[in-house]
Amino acid sequence: AQSVTQLGSHVSVSEGALVLLRCNYSSSVPPYLFWYVQYPNQGLQLLLKYTSAATLVKGINGFEAEFKKSETSFHLTKPSAHMSDAAEYFCAVSGTGTASKLTFGTGTRLQVML
Amino acid sequence: EAGVAQSPRYKIIEKRQSVAFWCNPISGHATLYWYQQILGQGPKLLIQFQNNGVVDDSQLPKDRFSAERLKGVDSTLKIQPAKLEDSAVYLCASSQAGTGGYEQYFGPGTRLTVT
């Protein structure tokens, strides 16, 4: 069975500071990994995904994530936080073939302070 | 391109009542998913359709939940009878293909409160 663990249910950073949201995965096969963002009262929006091409993945809004097989990690980073980044972030894993359902972590709420 | 549409956006019912949610996926998307998101948790898959066939319903509480996707387009999720623990946001998502790695596009969700 596949799973992801997000360390830290709440992360608070100052505007302009580095954002680091942690995600570790467990999968018996090479996984597909995703980061989604959810703003209040909205659905989820894809930030970026890893599908076994480049290990450093760049996404929207200046976010990027690095796939590290040795550490089973897929941490999300952004060099400089903006107030508009305040939201809930979910890491997710899916299998290959028809096992395409997303298995999500519990989420990390990012707060950005002035 | 229109996104995934869901209705209603909010619904309040009493326990033991029934409720239905509707989803219209992005045009041309063969795969449709229903997820349940309980407050403070990540979404959890309830059911996955490929066209009008069910691919995965292993997490669907079949004694009270049902879903259909007639004609392989729109989908309806029903709960009958509702329990307090069904209070959650129900998210519909669609994807071009049902294989892993394809982006899933999510609708705004339906927030259900069971009192």
Side-chain angles (χ1 to χ4, degrees), chain A residues 1-10 21 23-25 27-54 57 59-60 67 74 87-109, chain B residues 2-10 21 23-26 29-51 53-60 88-111 113:
Chain A
Q2 298 174 310
S3 66
V4 292
T5 302
Q6 292 185 242
L7 299 175
S9 59
H10 289 84
L21 305 182
C23 174
N24 289 88
Y25 70 90
S27 176
S28 58
V29 297
Y32 293 132
L33 293 161
F34 304 79
W35 275 100
Y36 279 84
V37 61
Q38 187 175 35
Y39 297 100
N41 298 316
Q42 295 185 29
L44 286 80
Q45 180 184 11
L46 181 69
L47 281 176
L48 48 81
K49 64 178 181 180
Y50 168 77
T51 56
S52 74
V57 182
I60 61 172
F67 174 73
F74 191 57
E88 187 92 20
Y89 291 80
F90 291 95
C91 182
V93 62
S94 79
T96 58
T98 56
S100 61
K101 72 174 185 181
L102 292 171
T103 301
F104 287 88
T106 51
T108 298
R109 181 166 298 278
Chain B
V4 176
Q6 290 188 247
S7 67
R9 289 295 311 277
Y10 304 91
F21 312 128
C23 173
N24 185 20
I26 292 174
H29 280 194
T31 310
L32 185 147
Y33 309 81
W34 283 101
Y35 291 87
Q36 179 193 56
Q37 185 178 17
I38 294 173
L39 186 64
Q41 299 180 20
K44 183 187 76 172
L45 181 75
L46 291 175
I47 189 167
Q48 175 185 347
F49 291 96
Q50 180 71 19
N51 296 309
V54 175
V55 173
D56 184 352
D57 64 355
S58 58
Q59 299 297 306
L60 187 74
V89 175
Y90 291 84
L91 295 164
C92 179
S94 70
S95 177
Q96 274 187 302
T99 51
Y102 279 86
E103 178 177 353
Q104 293 183 25
Y105 295 82
F106 285 81
T110 296
R111 183 177 299 275
T113 302

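Protein chains get the first letters and strands the later ones, always in sequence-line order, with residue 1 at the start of each.
Distance CZ/B/Phe106 to CD/A/Gln38: 9.0 Å, rounded to 0.5 Å. A distance of 15.5 Å separates OG of B/Ser95 from NZ of A/Lys101, quoted to the nearest 0.5 Å. Within the model, atoms CG of B/Leu45 and OG of A/Ser94 stand 11.5 Å from one another, a figure rounded to the nearest 0.5 Å. Rounded to the nearest 0.5 Å, atoms CG (A/Leu46) and OH (B/Tyr105) are 8.0 Å apart.
Here the closest non-hydrogen pair linking B/Leu91 and A/Gly43 is CD2-CA, 4.3 Å. Of all heavy-atom pairs between B/Arg9 and A/Asn41, the closest is NH2-O, 2.9 Å. Contact record, B/Tyr35 with A/Leu102: OH-N, 3.1 Å, taken as the closest heavy-atom pair. Considering all non-hydrogen atoms of both residues, A/Phe90 and B/Gly42 come closest at CE2-CA, 3.5 Å.
Among the candidates A/Thr103, A/Leu44, A/Leu33, A/Thr106, the residue making the largest number of heavy-atom pairs closer than 4.5 Å to chain B is A/Leu44. Annotation: maximal heavy-atom pairing with chain A below 4.5 Å, among B/Gln104, B/Gln37, B/Gln41, occurs at B/Gln104.
A distance of 6.0 Å or more separates the ring centres of A/Tyr32 and B/Tyr102.
A 6.0 Å sphere centred on CG of B/Leu39 holds no more than 12 heavy atoms belonging to other residues, nucleotides or ligands.
Only the side chain of A/Tyr36 comes within contact range of chain B, judged by heavy atoms closer than 4.5 Å. Heavy-atom distances place no part of A/Gln45 under 4.5 Å from chain B, backbone and side chain included.
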